[in-house]
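Quick caveat, the model's predicted, so the values are computed rather than measured. All values below come from the heavy atoms of this structure, side chains included, with hydrogens, waters and symmetry mates left out. Throughout, protein chains are lettered first and strands after them, A, B, ... in sequence-line order, and every chain is numbered starting at 1.
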Amino acid sequence: MNTRVSSPILSMTDVTKVYRSGDSLLGASGSRVVALDRISLDINAGEIFGLVGESGSGKTTASRLIVGLETPDDGRIRFDGKDIVGLKGRARREFTRQVQVIFQDPYQSLNAHLSIFDAVCEPLVIHGIGDRASRRTRVCEALETAELTPPEVYLNRYPHQLSGGQRQRVAIARAMILEPRFLIADEPTSMLDASISFQIFRLLHRLRETFGVTMLFITHSLAAARNLCDRVGVIYRGRLVELGTARETIMHPRHPYTKALLDAHPRYGGSNHHGFGTLLDVERPRPETDHCLFYPRCRLAVENTCNLQAPKMKNLDAAHRVSCFLF
Amino acid sequence: MGLKRFIIRRLVEIAVIFFVIMTLLFVLFRLAPGDPVSRMVDPSMTPEDARLLMASMGLDQPVWTQYLYYLKNAATGNLGVSFHYGEPVTHILMNRLPNTILLFTTSIIISALLGVFLGKIAAWKRGERTDTLMTIGALFCHTLFLPWLALIMIWFFAYWVGWFPITGMVSPEVWIDPDAGFMVKALDVLHHMALPLMTLVLIHFGSYLLVMRSSMLETLKDDYIITARAKGLDEKTIRDHHAAPNAALPVVTSVGLSLAFSINGGALTETVFTWPGLGRELVFSVSHADYPLAQASFLLIAIVVLLANLVVDVLYAYLDPRIRY
Amino acid sequence: MTTALLEVDNLSIGYRTATGINLAVDGVSFQVERGGSLGLVGESGCGKTTIGMGLMRLLASNARIVSGQALFEGEDLTTVSEKRMRQIRWRRISMIFQAAMNALNPVHRVEDQIAEAIMTHEPDLSNHAVAHRSKSLFDLVKIPESRLRDYPHQFSGGMRQRVIIAMALACNPSLIIADEPTTALDVIVQNQILGAIGTFQKEMNIGMIFISHDLAVVADVCTHIGVMHAGSLVEYGLRQEVLDCPGHPYTRMLVGSLLTLSDEPADLAGLVCPTVDNGPAMSGGCPVQTNCPNATAACLRGQADWVALSRTHRVRCKHAGEQS
Amino acid sequence: MSDKNISSPTRGNTSCHAADRHRSHWVERFLDGWSVYRKNTIGRIGLTLLGLFALMALVSFIPQWVSPIYHPMTGVDPLISHSTGPSMRHWLGTDYIGRDIFSQLLAGARIAFMVGISSALISILFGTSIGMVAGYAGRRTDLVLMRLADMIMVMPTLLVVLILSALFGQLNIWVIVLVIALFRWPGVARVIRSQTLSLRHRPFIEAARVSGASHLRIIFRHILPNVMPLALLYMTFRVTSAIIIEAALAFLGFGDPGTVSWGMMLQWVWKTGHMFQAPYWLLPPGICISLITMAFYMTGRAMDDVLDPRLRKEETQA
């Protein structure tokens, strides 16, 4: 099923993003936070790529960079082979038709003052697509795509009249109305109850099957990534530590951090220790020099190696890559 | 960043703001209709004195040079000579400054403390009679028109009942009396201060009460209040030890934000009660076309407000452990 | 059965609204053994938090216990005096709050907040003894003593949760109510916190009610599971029983939507999953009825009675007997 | 209107439909808010008082139309040359040169509304646009605008107007209105800015940006409707401060000499030394100023109570 081999639709090369805080008119004395550190990855057309990481790991930053809500400090992002950093005017509008985002919080992703019709229709208005009648048809179609049926019921409602799951579906309809080729789902279910999350996963899965839309699925849940994604990348404090097919990476992880994540994953019935045990009880101090970011917490760390330089990505096989000195 | 660095940075900012205000004043001064020389030089001076004064202010020079003179003079504390008093304005104002600070700080501290205390009780008794009475009372006092209240206070307490002197800050007979000790003099000042102070407190405590009340109601919804209850603490401890300190923080902010408003009120109060402060001097000088005095008192008041703001910020940082500049 | 630490019987809690009393908790019964742990699972708004607050008598002012009793060490928590209740709070029953919550007062040092709890209930203790106890509590939850003098905002989310756990253990309670203690924490930290809670609970033989929306988490730490829906307990039993052979359609749905890690991904497209995304059930009937794939006309008429599936496992569904 | 009719999807004219729906959304929100507001005692008192004052302002033209001796400024009663108490001829008495206090009081209501509302409108306009621009643009723009706001905010407006009249002589009432407005926007701007800041990174704004919406579209279609209620709320507070500043200025003798405001009346009673002798002259203008500020303030507070739960609801649903 997952044998689509194609050229990357999106590729990030050495993308770095640093946030600075505390700017002021009288001398800047802020701190620097490296949100993304030389991230390189390719996402192939038609796949669902999962980016897995804890909060603050930079996974959301990655999505914001791709859609142009932020600009990277270094590195290149290419969509369809074309550089998309700093796109302006016409080129940017053309790009925005092809890439859309579904945000985490359905309670805040809709303007309380716009009806569902206006919210879903807005992209058409912005891009000047269709006349009033055809827009209405397209909005209805989009709502149906998001499994909000019958769509007419929803058109004149306002967000506060809908449940969280319904709002998230409206957000999906809004994102799909331009028929994008690439969809970013940024933790679309972390605010929703379990059964509704499940339905949203199923909807995303169906969108890929039906429309062939490529997806970047951002999540903190290994289980969600395992069940929805074709390939996953694991990100830790802004660096990509492991990359491979969902099955290999999650079921047979290599990087100590991925193993720690798997150790921590709740498993009912049995004990939750699967015995990788890669996490230290007491953290080591953070080295001054460039180092493997997981070094302070890593039981397997090699002194004088891991604390002195950052590991590079190594290919384990054609599909599986890991950034660790142990390999 | 340490508190010391924060204060230094703020002082630099204050200096910058002050510089901007000075420059604006200068620009307005030049823009205003009429002859700038006549505005700075007392017409009753002898021609010789007037020429000397003009030279010292650079008024016979081109605009840019005048501006530089103006800055230099301001830096050395030379802001001209008052027409009315015939003295350098800095002398006069340095005399007035302590009076203003005395009335201003006392009134702010008393009204903030009163507001916090009553607001706490009002919020705690939310919806009860006490709360309703306090809220409406606070709203009422807060919206009274200050000069009018001052007149009514004088009319009632000074004229009708006769408890307090009508105007001024001191009674000459007390201060001339060589036998009067410090206590007697202090009591005399207090006696004079009672009415203006009461007026200011009446006007200001209401808004602090309302801020404290709503902030306290907000705080009571906070999670750590549930923790405190779950810990089995009694209600009084929860109110005074857990809710009130947090709820009082916005009051500090509100004191800072209302400083400009308070100084307006201060000027009005000083004028009505003829309290010899900066505000009264400003009003007085404007109505007597004494521009050097008006300008200097305005600048001095601006400095007082800016510094008071800094004090409030530092106080806030001291009270809220989450803020360490 | 009489050895239970806490016995809740037919507890109902209602909120006053403009239209009358709105039951948030409707006739809930369960027991917690000394040293046992009960997980209450349900989706947001199902009344699970209200139960915890109700047992502590910390309900919002517009809510009150309508009926039922909660026998805790021989005392009925629903009727004891407010004064007695204050003594019970924290000394006998303490709470662990949601990690994302501001459960610690931001303007006091954590040391003082822990000491306050101890001193309220053991006023005779010397300052020295209190300080000593605080230190040993910090040792227990593996935070360096030096951090006792810090303010809450200086701790990370996981550390703050450890402080709250330390505080919950301060007076050696016999029951702990943990309300979503790991929500909003990252997986690794969540795992550590769950481990810590589980260890203390077992070692100190403390009874625990663990409230969570996440079945996977509850399954990790609890010996018993109670499933709640719309204010009612719909299934109650030992962990294995509830997870391995769920009797109630709602529980089946919850278990079914639990994504697991396995070599083959779940068949997302194939799995049938009843929607629970819609409005409230009709009054009077089974609370699940509008979303239930098995609902019949009978389900509209009044709530089902309990059906015992085993000695420890019971389900509240009219069709419970019909399923295998 | 057609809002409830959600089950009739086949409406002929969608454009007209969209317009209807849009209006009815705001109407609905208004009615919604009104139904909460009506239950608020403070709000009801405030609105009633405002109604009374509005009535006063409206009828203020009548006395001078009845007889020129009732003209608030120039109408001197030929029979009276000093301050007299209330009588049938002069309901509230006359001032020291025989002008009718009651008609002055009515005229004062007109001036108060005029000063308050026009100055509040201007400062809200400034404050809202500057606040939105600062909050949305961020970075340097924000920093510069907010420093400017801070600077103006610490300036005591009354004293600024005083120093201006020291320079420029007596100020026209409209100049006073403008100056008050120019010095009272920073508070509004700060509030609107922080609201905009909290909106700026809301997903619905970012979704619009991702869809390629222009900055103007985002500001007007997405941010403005969300900050509007707050701006309206602040308007009531600005009205009160404008009225107070104008009155204080007039009281000190620096008002527009061509207008009869309540502050002016107080100045006359104070400066002519009638305050101990003529309570009928001292009390009405002071009560009026206090009451009208109280009325606006109460209206604002009640609006705050209406808006607050809703704003908070939107906040806490996260």
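- Around the OH atom of B/Tyr85, the shell of radius 6.0 Å holds more than 12 heavy atoms that belong to other residues, nucleotides or ligands.
- For B/Ala267, the part lying near chain D is the side chain, with the backbone staying farther off; criterion is any non-hydrogen pair under 4.5 Å.
- Each of B/Ile263, B/Leu259, B/Ile14, B/Asn309 was scored for a side-chain contact (heavy atoms from CB on, under 4.5 Å) with D/Val154, with one residue passing: B/Asn309.
- Using a 4.5 Å cut-off between heavy atoms, B/Ile301 contacts chain D through its side chain alone, with no backbone atom that close.
- Only the side chain of D/Arg301 has a heavy atom closer than 4.5 Å to any heavy atom of chain B.
- By the 4.5 Å heavy-atom criterion applied to side chains, B/Glu13 and D/Arg147 are counted as neighbours.
- Of all the heavy atoms in D/Leu167 and B/Tyr291, the pair that sits closest is CD2-CE1, 3.4 Å.
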Checking D/Leu282 against B/Ile152 for the side chain to side chain contact (heavy atoms under 4.5 Å, CB included) test, could you report, in this order, the C-alpha distance in whole Å, the side-chain angles of both residues, the deciding distance, and whether it holds? CA-CA 8 Å; D/Leu282 171 66; B/Ile152 298 285; 4.0 Å; yes
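- Of the listed residues (D/Arg190, D/Met155, D/Met298), the one with the most heavy-atom contacts under 4.5 Å to chain B is D/Met155.
- Proximity of D/Ile244 to B/Leu146: side-chain heavy atoms (C-beta onward) are nowhere separated by under 4.5 Å.
- Taking all atoms of both residues into account, the shortest heavy-atom contact from B/Ala260 to D/Pro156 is O-CB, 3.6 Å.
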After noting the C-alpha distance and the side-chain angles of B/Val286 and D/Leu252, does the key distance pass the side chain to side chain contact (heavy atoms under 4.5 Å, CB included) rule? CA-CA 10 Å; B/Val286 172; D/Leu252 291 175; over 6 Å; no
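- Minimum heavy-atom separation, B/Phe145 to D/Ala247: CZ-CB, 3.4 Å.
- Heavy atoms of D/Ile45 lying under 4.5 Å from chain B are absent altogether.
- The shortest non-hydrogen separation linking B/Leu139 to D/Ile42 is CD1-CD1, 3.7 Å.
- A donor-acceptor pair is defined here as one N or O able to donate and one able to accept, closer than 3.5 Å; no such pair exists between the side chain of B/Thr143 and the backbone of D/Thr293.
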Hey, mind stepping through D/Thr157 and B/Phe261 against side chain to side chain contact (heavy atoms under 4.5 Å, CB included) and telling me if it holds? CA-CA 8 Å; D/Thr157 317; B/Phe261 174 72; over 6 Å; no
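- By number of non-hydrogen pairs under 4.5 angstrom with chain D, the leading residue of B/Val272, B/Leu257, B/Leu25, B/Leu210 is B/Leu210.
- Listed for the B/Trp155 side chain is no donor-acceptor partner under 3.5 Å among the backbone atoms of D/Gln277.
- Screening residues 236-259 of chain D for ring-ring contact (aromatic ring centres under 6.0 Å, His included) gives D/Tyr234-D/Phe237, D/Phe237-D/Tyr297, D/Phe251-D/Trp270 as the qualifying pairs, with residues at least two apart or on separate chains.
- Looking at B/Phe298 and D/Leu159, their side chains come closer than 4.5 Å, going by heavy atoms from C-beta outward.
- For D/Ile243, no part lies near chain B; criterion is any non-hydrogen pair under 4.5 Å.
- For the residue pair D/Ser290 and B/Leu144, the shortest heavy atom distance occurs at OG-CA, 3.6 Å.
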